[in-house]
Student: 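One structure coming up, written as structure tokens, with questions to follow.
This one's a predicted model, so the numbers in the text were calculated from it and none came from an experiment.
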Amino acid sequence: MRSGLLGVLMLLSGGCQASDQPSLPPGLPPLPSGSGAAAVPELTPLHWPVQPPPALKAVKPVLWVALAARLGPDAKSSDSAGAAPLRLRAASGELTLVDGAGQRFVAPAFTLHWRWQTLPQAFTVRRRVLGPFASYESAEAAARRWAAAGAQTRIARPAEWEVWAAPDSPVPADLPTRLVERRETRRLLLELRRPEGGVALQGPIRIEAPAGLLWRDGRYGGPFRLQADAHGSWTLLEEVPVERYLEGVVPHEIGAGSPPAALAAQAVLARTWAVKNRIRYGVDGYHLCADTQCQVYSDPGQASAGVRAAIAATRGQVLTAAGRPIQAVYHASNGGVAAGLEEAWDGEPLPYLRPFVDAPPAAALRFPLPLAASALPSLLQGDGGAYGADHPRFRWQRQLTAGRLAEALAARGTAVGSVRSIRVLERGASGRVVALEIDGSTGRMVLRRDAIRRTLRELPSTLFTLTPAGEGVWRLEGGGFGHGAGLSQAGAIDLARRGWSSDRILQHYYPGTALQPLEAMGGAPEGGG
């Protein structure tokens, strides 16, 4: 038995997890030490101790996906009685619940209540924090820069994305960080209340649901886990095979009624994206979320026959460059011109994510890239023969007011006073706004790349022109919906209707890449491109 703070942290972490299956081949790197916590990260930890998720297997890979995260009362709350209990219900039959101490319960449904427990020994969480960032991708780019200076970094999402490192980590002068310190004196538990009294449940809690678990508006196959995260709250996650996971992703990302070739292309991308991004929530002890910060994942049972056929036809296939899974980013509509990765997020350009006019060659010749600012209004007039022009946001108009701009900046913790002007400082090769300046009576703010849409959420994309429309009013005329890099789902649907195969669609949006079975990647070098 360990004693002192070390023993307390081991107790909180829930013990060790083991895998009896071969891990993913070295072509797909294991969880880096900087992306997830060990059982006892440090004597003065950066966060609540959490076991990293298991390595993704090469054969029949299984993802740990959070159906619901940050469960429980707010950490600042003094009373857990007011927090809504957690209700779990079997689709039919019974659920089996086994907690970390081996306690076993069987019932058709469970209502679990929250309870604060005083720690036998308090401890302090201390970390140096960089951020917030509008996306994981930008946080990852910042983490690389910080790591190059000698820091061991971790990416987390307490609210927005952040990068964490030890308080004494070396920091480049141009990376503004802050010190976060919190004294932890209690932990959050789940309690099962029975006629004979309450039973405190030790995490992690495993849930078996032979007929499925009803959660929100869906039915999920499981198995499931309830476990604590890096913030001291709890997560309900599903251990879902990758191919079943795709059944819950593909129809919600591109639409179940899309043509077969578009569905197959989406299936390959969703699988590739999941494999590539499996460390996204490693600091919290699982692989992926189920919302737009990852891929939208919902009830797999709602997948149509067409969706299932597309997944089966591409089973195990991932899109690769240099033998490694690519950054398989995609979006709804590119407005007729694709973005380079460096226009959407901080990061180095990638050869398979370059800007191009998404139209037949004759039409594309009208708009050579890099697109001149003077040519953008012409591109945004009509459809120019572009692929995917029938998307409802292929062309759009918005109006921004000084009051709305000030409100949006204040919501992200930045105050500039009364907004006097807004102007484009920089555009990328596709014509997208890369830097947007907002000038006010008391300050100035420059929004860059993904932070533009994250702050001004009414903007469908960053492909727009900006003109004054009166005192304190600006008119935006734009095109597309999403970041613009990689596959345009509207474009893929259009191309599939024109008779293109899924392989040809993927080559169109990711030139120079190759399909490869996940199981055959053992000889590839570590890392991802």
Student: Heavy atoms, side chains only, cut-off 4.5 Å: are L88 and L95 in contact?
Tutor: yes
Student: Would you please name every residue forming a side chain to side chain contact (heavy atoms under 4.5 Å, CB included) with E239, sequence neighbours left out?
Tutor: V62, W64, R206, P223, R225, L237
Student: Of the non-hydrogen atoms in V249 and A270, which two are nearest, and what is the gap between them?
Tutor: CG1-CB, 3.9 Å
Student: Applying salt bridge (charged side-chain N to carboxylate O under 4.0 Å, His left out), name anything that partners E196, two or more places apart in sequence or on another chain.
Tutor: R194
Student: How far does CG of L201 sit from CZ of F105, to the nearest 0.5 angstrom?
Tutor: 6.0 Å
Student: Could you check whether atom CD of E348 has more than 12 heavy atoms from other residues, nucleotides or ligands sitting under 6.0 Å from it?
Tutor: no
Student: Using the ring of each side chain (for Trp, its six-membered ring), is W48 parallel, tilted or perpendicular to F123, with breaks at 30° and 60°?
Tutor: perpendicular
Student: Checking Y286 now: which residues fulfil ring pair (Phe, Tyr, Trp, His ring centres under 6.0 Å) with it, not counting sequence neighbours?
Tutor: Y281
Student: Taking the side chain as everything from C-beta on, heavy atoms only, tell me whether L56 gets closer than 4.5 Å to L63.
Tutor: yes
Student: Rounded to the nearest 0.5 Å, what separates atom CD in Q293 from atom CG in N277?
Tutor: 11.5 Å
Student: Side-chain donor-acceptor pairs under 3.5 Å in residues 433-444, sequence neighbours left out?
Tutor:
residue : atom : partner : partner atom : Å
E437    : OE1  : R423    : NE           : 2.7
E437    : OE2  : R444    : NE           : 2.3
E437    : OE2  : R444    : NH2          : 3.2
D439    : OD2  : R420    : NH2          : 3.4
S441    : OG   : S418    : N            : 2.9
T442    : OG1  : V416    : O            : 3.2
T442    : OG1  : G417    : N            : 3.0

Student: Pair L405, I422 - check side chain to side chain contact (heavy atoms under 4.5 Å, CB included), show working.
Tutor: CA-CA 9 Å; L405 290 166; I422 174 174; 4.1 Å; yes
Student: Using every non-hydrogen atom in the two residues, find where V250 and A267 come nearest and quote the distance to one decimal.
Tutor: CG2-CA, 3.8 Å
Student: Who pairs with E343 by salt bridge (charged side-chain N to carboxylate O under 4.0 Å, His left out), at least two apart in sequence or on another chain?
Tutor: none
Student: Side-chain contact test, heavy atoms from C-beta onward, threshold under 4.5 Å: evaluate it for L459 versus I452 and give yes or no.
Tutor: yes
Student: Indicate yes or no for a side-chain donor-acceptor contact from R145 to the backbone of L175 under 3.5 Å, with no hydrogens or angles considered.
Tutor: no
Student: Report yes or no: does T272 contribute a side-chain atom to a donor-acceptor pair with the main-chain N or O of V268 at less than 3.5 Å?
Tutor: yes
Student: Give the minimum heavy-atom separation between W146 and P170, together with the two atoms involved.
Tutor: NE1-O, 2.8 Å
Student: Holding to side-chain hydrogen bond (donor to acceptor under 3.5 Å, both in side chains), I want the full list of residues that pass it with D291, two or more places apart in sequence or in another chain.
Tutor: none
Student: Are any of the side-chain nitrogens in D299 or R216 under 4.0 Å away from the carboxylate oxygens of its partner?
Tutor: no
Student: How long is the gap from CZ on R178 to CZ on R127, to the nearest 0.5 Å?
Tutor: 8.5 Å
Student: Looking at every non-hydrogen atom in both residues, tell me the closest pair between T455 and A451 and how far apart they are.
Tutor: OG1-O, 2.8 Å
Student: Just checking, any donor-acceptor pair under 3.5 angstrom between side chains of R183 and T124?
Tutor: yes
Student: May I ask you to decide if A84's main-chain N or O and W114's side chain share a donor-acceptor pair within less than 3.5 Å?
Tutor: yes
Student: Report yes if the side chains of R324 and T320 come closer than 4.5 Å at any heavy-atom pair, otherwise no.
Tutor: no
Student: What I want to find out is whether E160 reaches R454 closely enough, with some N-O distance under 4.0 Å, to be called a salt bridge.
Tutor: yes
Student: Set out, in order, the CA-CA distance, both residues' side-chain angles and the distance that settles side chain to side chain contact (heavy atoms under 4.5 Å, CB included) for L86 and F110, then state yes or no.
Tutor: CA-CA 8 Å; L86 184 61; F110 292 100; over 6 Å; no
Student: Partners of Y297 by ring pair (Phe, Tyr, Trp, His ring centres under 6.0 Å), sequence neighbours excluded?
Tutor: Y220, Y245
Student: Kindly write out the residues that satisfy side chain to side chain contact (heavy atoms under 4.5 Å, CB included) with D346, not counting sequence neighbours, or none if the list is empty.
Tutor: S138, A141, R449
Student: Do the side chains of V129 and V163 get nearer than 4.5 Å, heavy atoms only?
Tutor: no
Student: Do R453 side-chain atoms and P460 backbone N/O form a donor-acceptor pair below 3.5 Å?
Tutor: yes
Student: Is there a side chain to side chain contact (heavy atoms under 4.5 Å, CB included) between R104 and T96? Walk through the geometry before answering.
Tutor: CA-CA 7 Å; R104 182 184 180 90; T96 299; 3.6 Å; yes
Student: Enter the distance from D229:CG to T235:OG1 here, rounded to the nearest 0.5 Å.
Tutor: 4.5 Å
Student: Hey, could you give me the OG/CG distance between S233 and D284, rounded to the nearest 0.5 Å?
Tutor: 7.5 Å
Student: Please determine whether a side-chain nitrogen of the Lys or Arg among E184 and R186 lies less than 4.0 Å from a carboxylate oxygen of the Asp or Glu.
Tutor: no
Student: Does this structure show an ion pair linking R280 with E137, if we count only N-O contacts that are shorter than 4.0 Å?
Tutor: yes
Student: If every non-hydrogen atom of A139 is compared with every non-hydrogen atom of W161, which pair is closest and at what distance?
Tutor: CB-CB, 4.0 Å
Student: Y352 versus L341: any side-chain heavy-atom pair under 4.5 Å?
Tutor: no
Student: Between the main-chain N or O of F481 and the side-chain N or O of H331, is there a donor-acceptor pair closer than 3.5 Å?
Tutor: no
Student: Quick check against the 3.5 Å criterion: does S169 have a side-chain atom that pairs as donor or acceptor with the backbone of A166?
Tutor: yes
Student: Apply side chain to side chain contact (heavy atoms under 4.5 Å, CB included) to the pair V446 and E426, showing each step before the final yes or no.
Tutor: CA-CA 11 Å; V446 177; E426 182 184 351; over 6 Å; no
Student: Roughly how far, to the nearest 0.5 Å, is NE2 of H483 from CG of L353?
Tutor: 9.0 Å
Student: Just jot down the ring pair (Phe, Tyr, Trp, His ring centres under 6.0 Å) partners of H252, sequence neighbours excluded, or say none.
Tutor: none
Student: Report yes if some heavy atom in the side chain of W273 is under 4.5 Å from a heavy atom in the side chain of P325; otherwise report no.
Tutor: no
Student: Please report the closest heavy-atom contact between G282 and P53, naming both atoms and the distance.
Tutor: O-CD, 3.8 Å
Student: Could you check if a side-chain atom of Q266 sits within less than 4.5 angstrom of a side-chain atom of E253, using non-hydrogen atoms only?
Tutor: yes
Student: Any side-chain to backbone donor/acceptor pair from D99 onto Q202? Under 3.5 Å, distance only.
Tutor: yes
Student: Please evaluate residues K60 and E519 with respect to the criterion salt bridge (Lys or Arg N to Asp or Glu O under 4.0 Å), reporting the C-alpha separation (whole Å), side-chain torsions for both, the decisive distance (0.1 Å), and the verdict.
Tutor: CA-CA 9 Å; K60 296 182 179 179; E519 296 179 26; over 6 Å; no
Student: Who pairs with R404 by salt bridge (charged side-chain N to carboxylate O under 4.0 Å, His left out), at least two apart in sequence or on another chain?
Tutor: E407, E458
Student: Applying side chain to side chain contact (heavy atoms under 4.5 Å, CB included), can you list everything that pairs with E140, at least two apart in sequence or on another chain?
Tutor: Y136, R144, I155, Q327
Student: Please list, chain by chain and in numerical order, all residues satisfying side chain to side chain contact (heavy atoms under 4.5 Å, CB included) with L214, sequence neighbours excluded.
Tutor: R89, A91, R219
